[in-house]
Amino acid sequence: MDYRLPRGTRDILPQQAALFRRIQDTAVVLSDMYGYGEIHTPIFEYSELFQRGVGESTDIVEKEMYSFQDRGKRSLTLRPEGTAPIVRAFVEHKLYNEAMPARYYYWGPMFRYERPQAGRYRQFWQYGVEMLGTLSPWADVEVIKLGWDFFARLDIPTSLVVNNIGCADDRANYKQSLKQYFNSRPLCDDCNNRLGRNPLRVLDCKNPSCQQQMEDMPLIDQYICTECAQHFDAVLGGLEALDVPFERNPRLVRGLDYYNRTTFEYKTDKLGAQDALGGGGRYDGLVELLGGPSTPAVGFALGIDRLELLMSGKEDPAIRRGFWLVTMESVENQAALWAYKLRDRGVSIDFDLLGRSIKAQFRQADRSNCRWALVLGPDELAKGKGAIRDLVTGQQEEVALDGLVEHVLNLEGVKANGTDT
RNA sequence: GUGGGUGUAGCUCAGUAGGUUAGAGCACCAGAUUGUGGCUCUGGGGGCCGGGGGUUCAAGUCCCCUCACUCACCCCA
């Protein structure tokens, strides 16, 4: 094989695309219902946006960015996530002057340079929402609930994990005490490294000996200020009121620097090591960081590829729709015109282009999941009629060509998917 | 970046201690039914056995290198 797709990418072939589309439709309908407006930002941005927005010490910026120089010698980066670009657009177009809160949803590919494995790609698809301009705990609740509803509509069981990582001051105090605590204890090399850069990352370590060292460590709860604590309590209260089950995990630390207060992840137990289906949180400082007015915000991003993995094999059975025209070479031109007459009226109809036998044409009709076959051979045309065969029941009837189009339009399941009611 | 596993037909895989012309199921094409699908039967097309080098009279099989895929670590979607 001479040409392959690049490592970590995948083709979405028609059969898979049906599932992909179904997931997207669910996201669009639900976002719209919640009042979120569709937004698109470029696939690439100036690298500085992510360096500043996502954070220099994050894995994304340190080793996962697809960066390149354009002909103007500017450093560009294929977007590794969706929030920073949206905040950039929010600031650039001064959208903060419109009525708040602002609600946006996005859908599209993201890029991170990592070794691929099950459920992890270098180009992957995310659906995300962002709500900007309100500090209300109900904003957090709304976003979390929206994601929860999305998984529910797709019938994907997930567990919700939430945490409160407080404000910048809270975290500074907490990091200080974590450093003190771990300084006198043995940790793995990775953790010693993390301790210097971002002690919160140590909490994520799965190394058993590190886990053991964490048993008596200080928890962030003790360092949360009153305001942040009250906010989080209100969020949890909202989730309880809406019967959204959650689990608190004081060790949930998300990989992006801009989060504060509420963080959350939707998890599955069916994908092995890649158990995160999505996550998000509050990012009250990002708008200001990127040059806008101080504007609180909250949002999530969900991984579509992992959803597909969970849902493959559970696709809806294909519905039989539309026509297949069966004809013979001697009258092919005449018959083809009838196919186009029907197409002009919105009827889904296809016919053989490979000179196949009648039998093979019927087989193709069956395989293509057509509901009907329209037979227009020399015999039928000579009689001024066409034969319509129901491929489900096997019943066949003859119809005068005069009223053929109208007759077909009165049959069920003659139009393309999504256009027939 | 680090480790493990796997590379044989479009797909899933078999291939015995190295031994003639590399197999099966599914899929595809055709015929049985000379104008009628699904089921069945019969036949057919389709393989640089990932690539390169080596050992041997002989390599899909053994050795070395390499590439790719895959799983896991790190981290995340």
Side-chain angles (χ1 to χ4, degrees), chain A residues 1-10 13 15 54 57-64 80-83 108-128 147 158 188-191 193-194 198 201-207 210 252-256 265-268 271-280 300-310 320 324 326-331 352 354-381 387-396:
Chain A
M1 191 74 69
D2 291 338
Y3 298 101
R4 299 169 171 278
L5 43 62
R7 162 172 279 193
T9 64
R10 66 193 185 111
L13 304 178
Q15 197 181 348
V54 175
S57 75
T58 60
D59 275 11
I60 289 179
V61 172
E62 278 191 346
K63 54 185 191 185
E64 296 175 2
E81 59 103 48
T83 300
M110 305 293 163
F111 306 83
R112 293 182 200 172
Y113 189 89
E114 295 185 273
R115 287 286 290 268
Q117 55 185 283
R120 177 185 299 165
Y121 304 91
R122 289 182 171 181
Q123 173 176 339
F124 57 99
W125 294 76
Q126 282 190 333
Y127 154 54
T158 56
C188 67
D189 291 348
D190 280 339
C191 284
N193 199 334
R194 292 172 183 139
N198 187 350
R201 289 293 166 68
V202 176
L203 310 196
D204 261 349
C205 189
K206 286 158 191 157
N207 186 316
C210 291
L252 175 67
V253 180
R254 310 226 65 243
L256 311 177
E265 269 185 23
Y266 304 96
K267 295 195 167 194
T268 175
L271 280 184
Q274 267 56 248
D275 61 350
L277 291 178
F300 69 58
L302 311 181
I304 302 308
D305 310 79
R306 289 179 185 177
L307 272 183
E308 286 184 58
L309 246 35
L310 285 171
R320 284 185 170 271
W324 191 276
V326 175
T327 186
M328 293 182 77
E329 200 182 351
S330 60
V331 293
D352 177 56
L354 293 173
R356 283 193 271 217
S357 68
I358 299 284
K359 178 187 174 67
Q361 291 182 50
F362 269 97
R363 190 166 51 235
Q364 189 57 44
D366 185 51
R367 238 184 336 215
S368 302
N369 269 310
C370 290
R371 173 67 202 276
W372 311 92
L374 170 62
V375 186
L376 291 178
D379 295 353
E380 287 80 7
L381 291 171
I388 292 176
R389 183 179 179 86
D390 184 330
L391 292 173
V392 174
T393 65
Q395 287 180 336
Q396 191 163 321

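All chains are named by letter (A, B, ...) in the order of the sequence lines, taking the proteins before the strands, and each is independently numbered beginning at 1.
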K.L.:
Output all residues satisfying side-chain contact (heavy atoms from CB on, under 4.5 Å) with A:Ala118, sequence neighbours left out; order by chain, then residue number.
P.N.:
none
K.L.:
For a quick check of understanding: with a heavy-atom distance under 4.0 Å over all strands, which category does A:Gln117 fall into, base, sugar-phosphate or nothing?
P.N.:
base
K.L.:
Tell me whether the side-chain N or O atoms of A:Gln361 pair up with the base of B:U36 as donor and acceptor below 3.5 Å, since no angle test is needed here.
P.N.:
no
K.L.:
Show the nearest heavy-atom pair for residues A:Pro109 and A:Gln123, with the distance to one decimal.
P.N.:
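That closest heavy-atom pairing would be CB-NE2, 3.4 Å.
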K.L.:
What does A:Ala118 touch in the nucleic acid at a heavy-atom separation under 4.0 angstrom: a base, only the sugar-phosphate, or nothing?
P.N.:
sugar-phosphate
K.L.:
Rounded to whole Å, how long is the line connecting atom CD1 of A:Ile358 with atom C1' of B:G37?
P.N.:
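That distance rounds to 12 Å.
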K.L.:
Contact class for A:Arg122 vs. all strands (heavy atom < 4.0 Å): base, sugar-phosphate, or nothing?
P.N.:
nothing
K.L.:
Measure from the side-chain heavy atoms of A:Arg389 and tell me the nearest of B:C73, B:U36, B:A30.
P.N.:
B:U36
K.L.:
How many Å lie between CD on A:Gln126 and C1' on B:C76, as a whole number?
P.N.:
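From A:Gln126 CD to B:C76 C1': 10 Å.
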K.L.:
When the P atoms of B:A68 and B:G37 are compared, how many Å lie between them, rounded to an integer?
P.N.:
49 Å
K.L.:
On RNA chain B, compare the nucleotides closest to A:Glu64 and A:Ser357; which residue's is nearer the 5' end?
P.N.:
A:Ser357
K.L.:
A:Thr9 versus A:Phe111: any side-chain heavy-atom pair under 4.5 Å?
P.N.:
no
K.L.:
How far, in whole Å, is B:A32 from B:G25 if one measures between their P atoms?
P.N.:
23 Å
K.L.:
For A:Glu114 and B:A72, what is the distance between atoms CD and P respectively, to the nearest whole Å?
P.N.:
13 Å
K.L.:
Can you check the distance between B:A58 and B:A17, where both ends of the measurement are the C1' atom (answer in whole Å)?
P.N.:
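15 Å, rounded to whole Å.
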K.L.:
Between B:C73 and B:A14, how far apart are the two P atoms, rounded to whole Å?
P.N.:
27 Å
K.L.:
List in chain and number order the residues that pass salt bridge (Lys or Arg N to Asp or Glu O under 4.0 Å) with A:Arg115, two or more places apart in sequence or in another chain; answer none if no residue qualifies.
P.N.:
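With neighbours one apart ignored, the set is empty.
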K.L.:
Contact between A:Leu256 and A:Thr83 at the side-chain level, heavy atoms closer than 4.5 Å - yes or no?
P.N.:
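With C-beta onward as the side chain, the pair stays apart.
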K.L.:
Are any of the side-chain heavy atoms of A:Arg320 and A:Asp366 separated by less than 4.5 Å?
P.N.:
yes
K.L.:
Take A:Phe124 and A:Leu376, find for each the nucleotide of RNA chain B with the closest heavy atom, and name the residue whose nucleotide sits nearer the 5' end.
P.N.:
A:Leu376
K.L.:
At 4.0 Å (heavy atoms only), tell me whether A:Gln123 reaches a base, stays on the sugar-phosphate, or touches nothing.
P.N.:
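The answer is nothing, as A:Gln123 stays clear of every strand by at least 4.0 Å.
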K.L.:
Should A:Arg363 be listed as having a side-chain N or O under 4.0 Å from OP1 or OP2 of B:U36?
P.N.:
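Checking A:Arg363 against B:U36: no side-chain N or O falls below 4.0 Å of OP1 or OP2.
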K.L.:
Distance between the C1' atoms of B:G50 and B:U61, in whole angstroms?
P.N.:
16 Å
K.L.:
What contact category does A:Leu391 fall into here, base, sugar-phosphate, or nothing, at under 4.0 angstrom with non-hydrogen atoms?
P.N.:
base
K.L.:
Quick one: salt bridge (Lys or Arg N to Asp or Glu O under 4.0 Å) partners of A:Asp379, sequence neighbours excluded?
P.N.:
none
K.L.:
Run the side-chain contact (heavy atoms from CB on, under 4.5 Å) test against A:Gln126 and tell me which residues pass, sequence neighbours left out.
P.N.:
A:Tyr106, A:Met110, A:Arg112, A:Phe124, A:Ala301
K.L.:
Taking the P atom in each of B:C65 and B:U2, what is the distance between them to the nearest angstrom?
P.N.:
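Those two atoms are separated by 16 Å.
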K.L.:
Rounded to the nearest Å, what distance is computed from the CD atom of residue A:Glu329 to the C1' atom of nucleotide B:G35?
P.N.:
15 Å
K.L.:
Per the atom types in the model, does the base of B:G37 pair as donor or acceptor with the side chain of A:Asp366 at under 3.5 Å?
P.N.:
yes
K.L.:
Taking the P atom of each, how far is B:G46 from B:C57, in whole Å?
P.N.:
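B:G46 and B:C57 have their P atoms separated by 35 Å.
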K.L.:
Check the distance between B:U36's C1' and A:Met328's CE and give it to me in whole angstrom.
P.N.:
11 Å
K.L.:
With no angle test and no hydrogens, is the base of B:G35 tied to the side chain of A:Glu380 by a donor-acceptor pair under 3.5 Å?
P.N.:
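Under the 3.5 Å cut-off, the side chain and the base do form a donor-acceptor pair.
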K.L.:
Nearest whole Å is fine: how far is B:A30 C1' from A:Leu354 CG?
P.N.:
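Answer to the nearest Å: 14 Å.
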K.L.:
Name all residues meeting the salt bridge (Lys or Arg N to Asp or Glu O under 4.0 Å) criterion together with A:Glu64; count only those two or more places apart in sequence or in a different chain, and write none if there are none.
P.N.:
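For A:Glu64, no residue satisfies salt bridge (Lys or Arg N to Asp or Glu O under 4.0 Å) once neighbours in sequence are set aside.
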K.L.:
Quick check for you: among B:C71, B:C76, B:C74, whose closest atom lies nearest to any side-chain atom of A:Arg112?
P.N.:
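Nearest listed nucleotide: B:C76.
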K.L.:
Partners of A:Lys63 by side-chain contact (heavy atoms from CB on, under 4.5 Å), sequence neighbours excluded?
P.N.:
A:Asp59
K.L.:
What does the list of N/O pairs under 3.5 Å between the protein and nucleotides 67-69 of chain B look like, with a distance for each?
P.N.:
| unit_1 | atom_1 | unit_2 | atom_2 | d |
| --- | --- | --- | --- | --- |
| B:A68 | O2' | A:Arg4 | NH1 | 3.4 |
| B:C69 | OP2 | A:Arg7 | NE | 3.0 |
| B:C69 | OP2 | A:Arg7 | NH2 | 2.9 |

K.L.:
Looking only at side-chain atoms of A:Asp379, point me to the closest of B:A77, B:G35, B:A30.
P.N.:
B:G35
K.L.:
Between C1' on B:A77 and CG on A:Asp305, what's the gap in Å once rounded to a whole number?
P.N.:
7 Å
K.L.:
Which residue is it: A:Ile304, A:Thr268, A:Leu271? I am looking for the one with a side chain to side chain contact (heavy atoms under 4.5 Å, CB included) to A:Leu309.
P.N.:
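Looking at A:Ile304, A:Thr268, A:Leu271, the match for A:Leu309 under the side chain to side chain contact (heavy atoms under 4.5 Å, CB included) is A:Leu271.
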K.L.:
Indicate, with a heavy-atom threshold strictly under 4.0 Å, whether A:Val375 touches base, sugar-phosphate, or nothing.
P.N.:
base
K.L.:
Which value, in whole Å, describes the distance between the P atoms of nucleotides B:C76 and B:C67?
P.N.:
30 Å
K.L.:
Within a 6.0 Å radius of atom CD on A:Gln396, are there more than 12 heavy atoms belonging to other residues, nucleotides or ligands?
P.N.:
yes
K.L.:
Could you work out, with side-chain contact (heavy atoms from CB on, under 4.5 Å) as the rule, every residue matching A:Pro378, not counting sequence neighbours?
P.N.:
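Applying side-chain contact (heavy atoms from CB on, under 4.5 Å) to A:Pro378 gives A:Met328, A:Ser330, A:Val331.
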K.L.:
List in chain and number order the residues that pass salt bridge (Lys or Arg N to Asp or Glu O under 4.0 Å) with A:Arg389, two or more places apart in sequence or in another chain; answer none if no residue qualifies.
P.N.:
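Checked A:Arg389 against salt bridge (Lys or Arg N to Asp or Glu O under 4.0 Å); zero matches.
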K.L.:
Would you please enumerate the stems RNA chain B participates in, each stem being three or more consecutive Watson-Crick or G-U wobble pairs with both distances under 3.5 Å?
P.N.:
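RNA chain B stems, ordered by first number: B:1-7 with B:67-73, B:10-13 with B:23-26, B:28-32 with B:40-44, B:50-54 with B:62-66.
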K.L.:
Output one letter per nucleotide in nucleotides 39-49 of chain B: B when a protein non-hydrogen atom lies under 4.0 Å from the base, S when only the sugar-phosphate is that close, - when neither is.
P.N.:
-----------
K.L.:
Within the pair A:Gln274 and B:A77, is there a side-chain N or O less than 4.0 Å away from OP1 or OP2?
P.N.:
no
K.L.:
My understanding is that only residues two or more places apart in sequence, or in another chain, count here; which of them pass ring-ring contact (aromatic ring centres under 6.0 Å, His included) with A:Phe300?
P.N.:
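By the ring-ring contact (aromatic ring centres under 6.0 Å, His included) rule, A:Phe300 matches A:Tyr127.
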K.L.:
By the 4.0 Å heavy-atom rule, please label A:Asn369 as base, sugar-phosphate, or nothing.
P.N.:
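Result for A:Asn369 = nothing.
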K.L.:
Can you tell me the distance, in whole Å, between the CH2 atom of A:Trp324 and the C1' atom of B:G38?
P.N.:
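Distance check: A:Trp324 CH2 to B:G38 C1' gives 16 Å.
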K.L.:
B:C76 base to A:Arg306 side chain: any donor-acceptor pair below 3.5 Å?
P.N.:
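Side chain to base: pair found, below 3.5 Å.
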